[in-house]
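Notes follow the structure.
Excluded from the calculations below are hydrogen atoms, water molecules and symmetry mates; all remaining heavy atoms, backbone and side chain alike, are included. Keep in mind that what you see is a predicted model, and the values were worked out from it rather than measured. Along the sequence shown, residues are numbered consecutively beginning with 1.
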Amino acid sequence: MRKSLTIGMTAASLGALIALTGLAPAQAADPVAKLSVFHGVPGLTVDVYVNDKLTLDNFKPGDLAGPLDLPAGTYKVAITASDAADASKPAIGPVDLPLVAGMDYTAVAHLDAAGKPTATLFTNDIGKLEAGQGRLTVRHVAAAPAVDVLANGAAAITNLVNPKESVLNLPAGTISAAVAATGTTAPVIGPADVNVAEGTNTIVYAWGSLADKNLALGVQTIAGLHSNPGSIPAGEAGLVATNKPADTTGLWLGAFAAMLLALGAAAVVGLRRSAAAARR
């Protein structure tokens with residue numbers, strides 16, 4: 001009896017292992033929205049309040065926080081001086097941010113084209129990418145006129161104005177990126193090397209002030225956008241499904257599992273027959 005139970009438990013454990021390695025159905029869609037916050041106002045350390053609760057303390061220019069997992073709904077966000085006692089006298093806002101489950105957002109505190117502090121909510125593109133492709137998103141959140149974005153010396157994005165963005169799907173690799181006034185090639189930011197990684201949305205922020213000569217670049221990345229099922233994480237344990245067309249690991253594992261289950265069943269039958277014979 002003990003041997004039969006032991007074999008049965010081994011078979012169940014093996015079934016659980018197979019499920020964890022990606023042979024089980026994919027998990028349901030994420031029921032929350034993801035929110036990141038980027039601070040693009042030069043010279044101002046701030047606190048960030050969400051629904052009147054202090055969420056980010058002493059948030060410095062150029063900092064990126066998140067993503068926060070939040071239930072779908074509308075959130076009131078206020079940005080105050082870092083020594084404020086509450087959100088009653090915000091430097092920016094309050095603004096209402098409507099968040100939809102399954103979506104990914106970045107709220108940006110920045111300067112408008114005239115140099116006044118403001119806030120913009122961007123929806124991040126998390127659509128799947130083809131194999132070998134990366135996504136480059138460029139956002140103009142600086143106190144500056146319209147700009148061109150140069151990639152390896154050539155204009156890849158033209159006439160981008162504050163607070164707009166432009167999204168490109170590109171072959172993965174490193175590009176030399178620079179920002180110039182529209183119609184020119186003399187950089188006002190950069191050049192800087194930007195890694196456009198495969199299966200990743202690389203988001204570049206041009207922020208600061210042209211008049212104050214403190215223009216800068218900020219970078220945010222959102223990974224896991226591969227279209228190949230073999231590249232999609234299969235759970236929080238960090239295990240990855242490996243059922244690519246050229247990968248037979250899953251097939252071998254399935255065959256090995258079936259063989260062990262068959263051996264276990266045969267052993268159970270043999271043990272029962274032996275016990276019956278002994279009773280005779």
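- Heavy-atom minimum distance, A192 versus L217: CB-CD1, 4.2 Å.
- Side chains of D193 and T174: a donor-acceptor N/O pair is absent below 3.5 angstrom, by distance only.
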- Task: Please report the C-alpha distance between L97 and Y105 in whole Å, then the side-chain angles of each, then the deciding distance to 0.1 Å, and finally whether the side chain to side chain contact (heavy atoms under 4.5 Å, CB included) criterion is met.
- Result: CA-CA 10 Å; L97 304 183; Y105 303 92; over 6 Å; no

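- For E165 against V167, the heavy-atom pair with the smallest separation is OE2-CG2, 4.1 Å.
- Residues L170 and L129 do not share a hydrophobic cluster, defined by chaining ILVMFWY side chains whose heavy atoms lie under 4.5 Å apart.
- Side-chain heavy atoms closer than 4.5 Å link hydrophobic residues (I, L, V, M, F, W, Y) into clusters, and following such links, possibly through other members, connects I189 to V204.
- The shortest distance between side-chain heavy atoms of L168 and I157 falls below 4.5 Å.
- In plain terms, the two heavy atoms of G127 and L225 that are nearest each other are O-CB, 3.9 Å.
- Evaluated for a side chain to side chain donor-acceptor pair (under 3.5 Å) with D148, the options T184, T158, T182 yield exactly one hit, T182.
- Counting all heavy atoms, side chain and backbone alike, N201 lies closest to D125 at ND2-O, 3.0 Å.
- Note that the OG atom of S88 and the CG atom of D52 stand 9.0 Å from one another [nearest 0.5 Å].
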- Under the side chain to side chain contact (heavy atoms under 4.5 Å, CB included) rule, what do H39 and L56 come out as? Steps first, then yes or no, please. CA-CA 11 Å; H39 183 354; L56 296 173; over 6 Å; no

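- Separating the NE2 atom in H110 from the NE2 atom in H140 is a distance of 10.5 Å, to the nearest 0.5 Å.
- In terms of heavy-atom proximity, A186 sits nearest to A180 at O-CB, 3.4 Å.
- Hydrophobic clustering (side-chain heavy atoms under 4.5 Å, transitive across Ile, Leu, Val, Met, Phe, Trp, Tyr) keeps I92 apart from V141.
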- Message: Using the rule given for side chain to side chain contact (heavy atoms under 4.5 Å, CB included), can you reason through R139 versus T120, listing the C-alpha separation, both sets of side-chain angles and the distance that settles it, and then say yes or no?
- Response: CA-CA 11 Å; R139 292 172 177 165; T120 301; over 6 Å; no

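- Looking only at distances, no side-chain donor or acceptor of N169 sits under 3.5 Å from a matching main-chain atom of R135.
- F38 and Y205 have parallel rings, their planes meeting at less than 30° on a 0 to 90° scale where 60° marks the start of perpendicular.
- Of the inter-residue distances, the one linking I175 atom CD1 with L150 atom CG reads 10.0 Å to the nearest 0.5 angstrom.
- The shortest heavy-atom contact between G102 and I126 is O-CD1, 3.6 Å.
- Atom CD1 of I203 sits about 4.0 Å away from atom CD1 of I222, to the nearest 0.5 Å.
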